[in-house]
Protein chains: 2
Amino acid sequence: MRELYKIHAEMCKVFSNSTRLEILNLLRNKELSVTELIGKTKLSQVNISQHLSIMKSKNIVTSDRKGKNVYYKLTTPKIIKAFDIIREVLAERLRNNGKTIEEL
Amino acid sequence: MRELYKIHAEMCKVFSNSTRLEILNLLRNKELSVTELIGKTKLSQVNISQHLSIMKSKNIVTSDRKGKNVYYKLTTPKIIKAFDIIREVLAERLRNNGKTIEEL
DNA sequence: TTTATATATAAGAATATTCTAATATGTTAT
DNA sequence: ATAACATATTAGAATATTCTTATATATAAA
């Protein structure tokens, strides 16, 4: 049973990096190619590929090559459900401090 | 706006350790003292205090001293909502592999 | 005020994560 | 076949995390 906490923690490690969260948020509605992700984030190609590789190895995203491009998408919308709950908590806290998400 | 992803990631770091997840799961319904947590987990006092300290610094739990004991509880039930969504994803995956959570 | 019980903090070795730079591989067009 | 474009992998320095050991602090009981 303690093994389950380890697997759970391994999965949450994916969410513990801001670059990966940014990528996941971009993938919330539609699949995107690496090139598109580069364009939207201004991050380096290498870095994005590395993070996508990490997320793929944890089964958070899947990839699909279409010609020269490789498209990535979420394996389940529940990932974004969890993402959004944490955002709600953060938004509440900011609000309590007189700030809004938009200000950041 | 990229700042928000960093705060979000900081919060998720709390969930990226199996011991902390175990503690959070024990705190899901009721507040517990450090001694009670030691009894339920068989982890060392120092280790539990350290993890509680980390979670307190990230505002995931709050503490309340009552006599000799210090009781900890979750700051918001949304923490457990997010926890449970990830568990659902893991349970689905195990099921697809012909296993159940109970087996672990 | 000393003792016992409960909890917290500090220091440091072992381990893990992240980014950058260099390079490799895969696909299409010429 | 080779050039151009898209993506993946490797290696390593810098940094962060985790656990253990030792010790400190806080409260209550004797």
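The sequence lines fix the lettering, A, B, ..., with proteins before strands; numbering per chain opens at 1.
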ask   = Toward the 5' end of DNA chain C, which comes first, B:Val46 or A:Ser18, by nearest nucleotide?
value =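 It is B:Val46, whose closest nucleotide lies nearer the 5' terminus.
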
message = Please determine whether a side-chain nitrogen of the Lys or Arg among A:Arg95 and A:Glu92 lies less than 4.0 Å from a carboxylate oxygen of the Asp or Glu.
response =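 Salt bridge between A:Arg95 and A:Glu92, a charged N being under 4.0 Å from a carboxylate O: no.
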
request  = Indicate whether OP1 or OP2 belonging to D:dT17 is found under 4.0 Å from a side-chain N or O atom of B:His51.
outcome  =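 For D:dT17, OP1/OP2 do not have a side-chain N/O of B:His51 under 4.0 Å.
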
ask   = Any idea which of C:dA22, C:dT27, C:dT5 is nearest the B:Lys68 side chain?
value =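 Ranking C:dA22, C:dT27, C:dT5 by closest atom to the B:Lys68 side chain puts C:dT5 first.
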
key: Salt bridge B:Lys66-B:Glu31, side-chain N to carboxylate O under 4.0 Å   =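 Yes.
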
message = What I want to check is whether an N or O donor and acceptor connect the side chain of B:Gln45 with the base of C:dA6 at under 3.5 Å.
response =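 There is none.
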
task = Please determine if a side-chain N or O atom of A:Asn47 lies less than 4.0 Å away from the OP1 or OP2 oxygen of C:dC19.
result =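 Indeed, a polar side-chain atom of A:Asn47 lies that close.
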
task = Please determine, for the side chain of A:Ile54, which listed nucleotide (D:dA8, C:dA8, C:dT18) has the closest atom?
result =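 Nucleotide nearest to A:Ile54's side chain: C:dT18.
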
Any B:Asn69 side-chain N or O less than 4.0 Å from OP1/OP2 of D:dT27 =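 It does not, given that no N or O in the side chain of B:Asn69 lies less than 4.0 Å from OP1 or OP2 of D:dT27.
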
ask   = With a non-hydrogen cut-off below 4.0 angstrom, is A:Ser33 in contact with a base, only sugar-phosphate, or nothing?
value =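 Sugar-phosphate, no base atom in range.
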
ask   = So, is A:Asn17 close to the C:dT17 phosphate, meaning a side-chain N or O under 4.0 Å from OP1 or OP2?
value =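 For C:dT17, OP1/OP2 do not have a side-chain N/O of A:Asn17 under 4.0 Å.
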
inquiry  = Can you see whether B:Arg28 engages B:Asn25 through a side-chain donor-acceptor pair at a distance of less than 3.5 angstrom?
reply    =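 Yes, B:Asn25 and B:Arg28 have a side-chain donor paired with an acceptor closer than 3.5 Å.
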
query = Counting any heavy atom closer than 4.0 Å, what does A:Tyr71 reach on the DNA or RNA strands: base, sugar-phosphate only, or nothing?
reply =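 Nothing: the residue A:Tyr71, judged by heavy atoms under 4.0 Å, touches no strand.
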
inquiry  = For C:dT17, does the base pair up with any side-chain atom of A:Gln50 as donor and acceptor (N or O, under 3.5 Å, distance only)?
reply    =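 Flag unset: no donor-acceptor pair detected.
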
request  = Starting at CD1 of A:Ile60, measure out to CG of A:Leu27 and round the result to the nearest 0.5 Å.
outcome  =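 One finds 11.5 Å between CD1 of A:Ile60 and CG of A:Leu27.
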
